[in-house]
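What follows is one structure encoded as structure tokens, with my remarks underneath.
Remember, predicted model here, so these are calculated numbers, not experimental data. Order of the sequence lines sets the chain letters (A, B, ...), proteins ahead of strands, with each chain counted from 1.
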There are 2 protein chains.
Amino acid sequence: MSITDRKFEIDRDSKTPLWLQIRNELFNSLYRDELRPGQLIPNEKTLVELFQVSIGTIRKAVGVLEKEGFLIRKQGLGTFVFQHDSNSFLFEYFHFALNGTEKQESPTVEFISFETKKASKSEAESLNIPAGSSIHKIYNKLGLNKKFYIIDKIIISQDKFHGLNEEIFKNRANTIYNLYQNKFNIFITNCSEKLKAISSNEKISKLLDIDLGSPILKIDRIGQTYHNETIEIRTSYVHTSDIEYIHSQNSTFGEAL
Amino acid sequence: MSITDRKFEIDRDSKTPLWLQIRNELFNSLYRDELRPGQLIPNEKTLVELFQVSIGTIRKAVGVLEKEGFLIRKQGLGTFVFQHDSNSFLFEYFHFALNGTEKQESPTVEFISFETKKASKSEAESLNIPAGSSIHKIYNKLGLNKKFYIIDKIIISQDKFHGLNEEIFKNRANTIYNLYQNKFNIFITNCSEKLKAISSNEKISKLLDIDLGSPILKIDRIGQTYHNETIEIRTSYVHTSDIEYIHSQNSTFGEAL
DNA sequence: TATATTATATCATATATATGAATTTTTTTT
DNA sequence: AAAAAAAATTCATATATATGATATAATATA
């Protein structure tokens, strides 16, 4: 259903502000896929008619969604739905740079393996799927500057990625999140990472060509979509001799609405 | 000089929008300490008269500074300058939680040592001070749940913290950044952290009561004030058996203006 | 055809104004 | 003196409107 045909119910007597109601309605349209990644959304004048509010209220609602990262406004052009692609990937989810440098380069990605198997208990729990469900387990190698430093293990539910196989995964033209988005209609909206230092085991040592027991940065990432539905578990094993994980922030930034 | 006595120069013919000019003027007032941490800033009506623009333009400028974390608006009360204190500390700069938990508890902090010495070449370089200048080197121990997991090494220039000594540091009533802010008029506005996995050396092993060579998370943090002036170098050595470093984010959040 | 011009569409900035909500202060009442 | 009520202060929401900036499309011109 097109968004311009929708009937939106805005309650002028509600205690929640109009702009927030509209923000939520637009958010739901994203969630329900009435507005798709990359798509041009109706212009402000049309939204005014659709919601029967003033343009200032529309701009406030759209502005919040823009700050949240769901929409992108372009002056003279229109407002678009954010999409995962090779440009956005770089600065969003890849947090490594060569020692001492700030500039984040695009990593080289090399496929290692693709398996489909039964989820372990903890894997099933993290993905919130029934115990014993099928999952895809994918290994990748990531590098910077012609050397590989990172092993990525990706775990996703088979059910949510119907038809996914090694060929499709390997032949994707863009990022992994772009594949999720375009082929499987799953849009990753947020990630949470937990970092630890561990000793490398035999498998990791071999894959990264380092000594057994070397200190390794282990990153557990949970990738979620709308309404905090967990889609992906990704574990990164990083040899941090030449590269480092970067995390910058401003005063209270990050905790704001 | 009080901000209400200042003469602000707003250029209505400039290509930079009024709201941005005003945002910058207010930012400079923060930088120049005409507006101090915790202070109530003039109300919107006063700002309208001060800058001779409409209230919408003022609200836009203040709104941006609020999003950036420099101001905090309270309906019915006024707008205040953000300040470092024990409440804000928790969720801003401490990124650890016990394994599996999300909730961030306040860490226990225990003083280890306070030294004043000559800066090494790399320390001087990082702090952007002349080679051989005096610095303070402070060690702390941080813990959660009655166990210590973190050793913090803090390095600051003696020049910028005139009169600081062990007693003053130990007897502070609040956070370290609060001490900088209130006693030395230095306001930390942003931090950048770089993480690595290393093997613990003898000193760290002893301090954290762990085996020599255990994998350790090493965090190099640069604390800066207005205009990216580096104030503090902090290195954390973290034993991540029971705790983990947490980093969450939304789609494009973090890269927005 | 290629280039310059003009028109159109769309978001950005700015003003003016009215009403509401939350907090504090002042006044009145008991 | 204490409690309740009223007033004042301040930010929040919402409308209406005008002009500017930017990108694209359509048209006219060389």
Side-chain angles (χ1 to χ4, degrees), chain A residues 3-4 8-26 35 38-82 252 256-257, chain B residues 3-4 8-26 35 38-82 252 256-257:
Chain A
I3 187 173
T4 44
F8 290 104
E9 304 204 350
I10 301 298
D11 179 5
R12 298 193 86 93
D13 298 325
S14 164
K15 64 183 184 300
T16 53
L18 293 181
W19 68 262
L20 186 50
Q21 292 183 50
I22 293 167
R23 178 263 171 217
N24 291 337
E25 291 291 345
L26 289 174
L35 291 173
Q39 188 185 331
L40 176 69
I41 76 167
N43 68 40
E44 296 176 346
K45 193 160 145 274
T46 307
L47 292 175
V48 162
E49 283 158 16
L50 209 54
F51 289 104
Q52 291 293 308
V53 297
S54 76
I55 194 166
T57 306
I58 292 296
R59 284 188 59 79
K60 171 88 180 179
V62 171
V64 168
L65 285 167
E66 188 191 27
K67 279 264 162 33
E68 292 177 311
F70 292 109
L71 297 179
I72 295 170
R73 292 202 270 209
K74 293 184 183 172
Q75 187 175 354
L77 205 51
T79 301
F80 300 83
V81 180
F82 174 83
T252 54
L257 170 85
Chain B
I3 186 172
T4 44
F8 290 103
E9 304 205 350
I10 301 298
D11 179 5
R12 299 191 87 92
D13 298 326
S14 163
K15 63 183 184 301
T16 53
L18 291 182
W19 67 262
L20 186 51
Q21 293 183 50
I22 292 167
R23 178 262 171 217
N24 291 337
E25 290 291 344
L26 291 174
L35 291 173
Q39 187 186 330
L40 177 68
I41 77 167
N43 68 40
E44 295 175 348
K45 195 161 141 272
T46 308
L47 291 175
V48 162
E49 283 158 16
L50 209 54
F51 289 103
Q52 291 292 308
V53 297
S54 76
I55 194 167
T57 307
I58 293 295
R59 282 188 60 79
K60 170 89 180 182
V62 171
V64 167
L65 285 166
E66 187 191 27
K67 280 264 162 38
E68 291 177 312
F70 292 109
L71 298 178
I72 296 170
R73 292 202 270 209
K74 293 183 183 171
Q75 187 177 354
L77 203 53
T79 301
F80 300 83
V81 180
F82 174 83
T252 55
L257 171 89

Stepwise side-chain contact (heavy atoms from CB on, under 4.5 Å) check, V64(B) with W19(B) | CA-CA 9 Å; V64(B) 167; W19(B) 67 262; 3.8 Å; yes
_Quick one, L77(B) and L40(B) - any side-chain contact, counting heavy atoms below 4.5 Å?_
no
Taking T16(B)'s backbone N and O only, do any of them form a donor-acceptor pair with Q21(B)'s side chain (distance below 3.5 Å, no angle check)?
yes
Does a side-chain N or O of T79(B) approach OP1 or OP2 of dC11(D) to a distance below 4.0 Å, or not? yes
The complete set of salt bridge (charged side-chain N to carboxylate O under 4.0 Å, His left out) pairs with one or both residues in residues 11-24 of chain B, sequence neighbours excluded, reads R23(B)-E68(B)
Identify every side-chain donor-acceptor pair in residues 50-61 of chain A under 3.5 Å, counting partners at least two apart or on other chains, and give the distances.
{"unit_1": "Q52(A)", "atom_1": "NE2", "unit_2": "E49(A)", "atom_2": "O", "d": "2.9"}
{"unit_1": "S54(A)", "atom_1": "OG", "unit_2": "T57(A)", "atom_2": "OG1", "d": "3.4"}
{"unit_1": "R59(A)", "atom_1": "NH1", "unit_2": "E44(A)", "atom_2": "OE2", "d": "2.7"}

In Watson-Crick or G-U wobble terms, with both distances under 3.5 Å, the base opposite dT30(C) is dA1(D)
Here the distance between atom P of dT10(C) and atom CD1 of I72(A), to the nearest Å, is 18 Å
Notebook entry, point to check: Taking side chain as C-beta onward, heavy atoms only, is I22(B) less than 4.5 Å from L47(B)?
Noted result: no
### dA12(C) phosphate, OP1 or OP2, under 4.0 Å from R73(A) side-chain N/O
yes
Sorted by chain and number, sequence neighbours left out, side chain to side chain donor-acceptor pair (under 3.5 Å) with N43(A) holds for T46(A)
So CG of L20(B) and CD of E25(B): to nearest 0.5 Å the spacing works out to 10.5 Å
Ordered by number, residues from residues 39-49 of chain A within less than 4.0 Å of DNA chain C (heavy atoms) are N43(A), E44(A)
- Take F80(B) and I41(B), measure what side-chain contact (heavy atoms from CB on, under 4.5 Å) needs, and give me the verdict at the end. CA-CA 6 Å; F80(B) 300 83; I41(B) 77 167; over 6 Å; no
Under 3.5 Å, N/O pairs linking protein and nucleotides 20-23 of chain C:
{"unit_1": "dG20(C)", "atom_1": "N2", "unit_2": "Q75(B)", "atom_2": "NE2", "d": "3.4"}
{"unit_1": "dA21(C)", "atom_1": "O4'", "unit_2": "Q75(B)", "atom_2": "NE2", "d": "3.4"}
{"unit_1": "dA21(C)", "atom_1": "N3", "unit_2": "Q75(B)", "atom_2": "NE2", "d": "3.3"}

Rounded to whole Å, CD of E66(A) lies from P of dA12(C) at a distance of 7 Å
Heavy-atom side-chain contact between I72(A) and T79(A) under 4.5 Å
no
Distances for protein N or O near nucleotides 13-17 of chain D N or O, under 3.5 Å:
{"unit_1": "dT13(D)", "atom_1": "OP1", "unit_2": "W19(A)", "atom_2": "NE1", "d": "3.3"}
{"unit_1": "dA14(D)", "atom_1": "OP1", "unit_2": "L18(A)", "atom_2": "N", "d": "2.4"}
{"unit_1": "dA14(D)", "atom_1": "OP2", "unit_2": "L18(A)", "atom_2": "N", "d": "3.2"}
{"unit_1": "dA14(D)", "atom_1": "OP2", "unit_2": "W19(A)", "atom_2": "N", "d": "3.2"}
{"unit_1": "dT15(D)", "atom_1": "OP1", "unit_2": "R12(A)", "atom_2": "NH2", "d": "2.3"}
{"unit_1": "dT15(D)", "atom_1": "OP2", "unit_2": "S54(A)", "atom_2": "N", "d": "3.0"}
{"unit_1": "dT15(D)", "atom_1": "OP2", "unit_2": "S54(A)", "atom_2": "OG", "d": "3.0"}
{"unit_1": "dT15(D)", "atom_1": "OP2", "unit_2": "T57(A)", "atom_2": "OG1", "d": "2.5"}

